[in-house]
Amino acid sequence: QVQLRESGGGAVQAGGSLGLSCAASGRIIGAYGLGWLRQAPGKEREFVAGIRWTDGTTEYTDSVKGRFKISRDRLSRSVYLDMNMLKAEDTAVYYCGQASRLTNEVQAYESWGQGTQVTVSS
């Protein structure tokens with residue numbers, strides 16, 4: 001089974017930047033979409049960004065377009081999320097997961113890691 005581990009979270013002031021990494025171990029089977037999702041206290045988990053593993057096609061939720069960039073390195077089996085111009089609303093635990101397709105549907109993602117906390121102060 002695939003295991004995912006998120007890292008790179010921390011505390012940052014609004015307007016700052018932060019880069020997240022997701023390292024995959026084990027075999028990636030039937031996973032065509034890798035995504036970053038986040039969950040704030042008291043809120044539902046929401047889709048942030050996704051990338052198609054094969055060709056690099058990306059998808060973002062409207063609130064992060066132009067600020068976040070998702071990328072992947074097939075050789076190292078990693079997926080990244082570069083976050084810029086961070087806002088207080090971005091505060092959440094960020095998770096990476098895999099899906100059978102590139103999608104913005106939260107329920108399609110699985111194999112979540114422990115998550116990494118991103119706290120943006122304003």
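Computed from a predicted model, the values in this text were never measured in an experiment. Along the sequence shown, the residues carry numbers beginning at 1.
Every residue meeting the side chain to side chain donor-acceptor pair (under 3.5 Å) condition with N84, not counting sequence neighbours, appears here in chain and number order: S17. For the side-chain contact (heavy atoms from CB on, under 4.5 Å) test, residues two or more places apart in sequence or in another chain that qualify with V118 are L18, L20, M83, Y94, V120. T58 meets the side chain to side chain donor-acceptor pair (under 3.5 Å) test with no other residue; sequence neighbours excluded. Take E105 and apply the salt bridge (charged side-chain N to carboxylate O under 4.0 Å, His left out) test, not counting sequence neighbours, and it matches R101. Scanning for side chain to side chain donor-acceptor pair (under 3.5 Å) contacts around E110 gives an empty result, with sequence neighbours left out. Qualifying salt bridge (charged side-chain N to carboxylate O under 4.0 Å, His left out) partners for D55, counting only residues two or more places apart in sequence or in other chains: R52. Here Q117 pairs with T91, V93, T119 under the side-chain contact (heavy atoms from CB on, under 4.5 Å) rule; sequence neighbours left out. The side chain to side chain donor-acceptor pair (under 3.5 Å) test applied to D62 returns K65, not counting sequence neighbours. Under the side-chain contact (heavy atoms from CB on, under 4.5 Å) criterion, L37 pairs with R45, F47, V106, Y109, W112, sequence neighbours left out. By the side-chain contact (heavy atoms from CB on, under 4.5 Å) test, R74 pairs with W53, R72, sequence neighbours left out.
The salt bridge (Lys or Arg N to Asp or Glu O under 4.0 Å) analysis of residues 89-98, with sequence neighbours excluded, yields the pairs R38-D90, R67-D90. Listed by first and then second residue, the salt bridge (Lys or Arg N to Asp or Glu O under 4.0 Å) pairs that reach into residues 112-122 come to none, sequence neighbours excluded.
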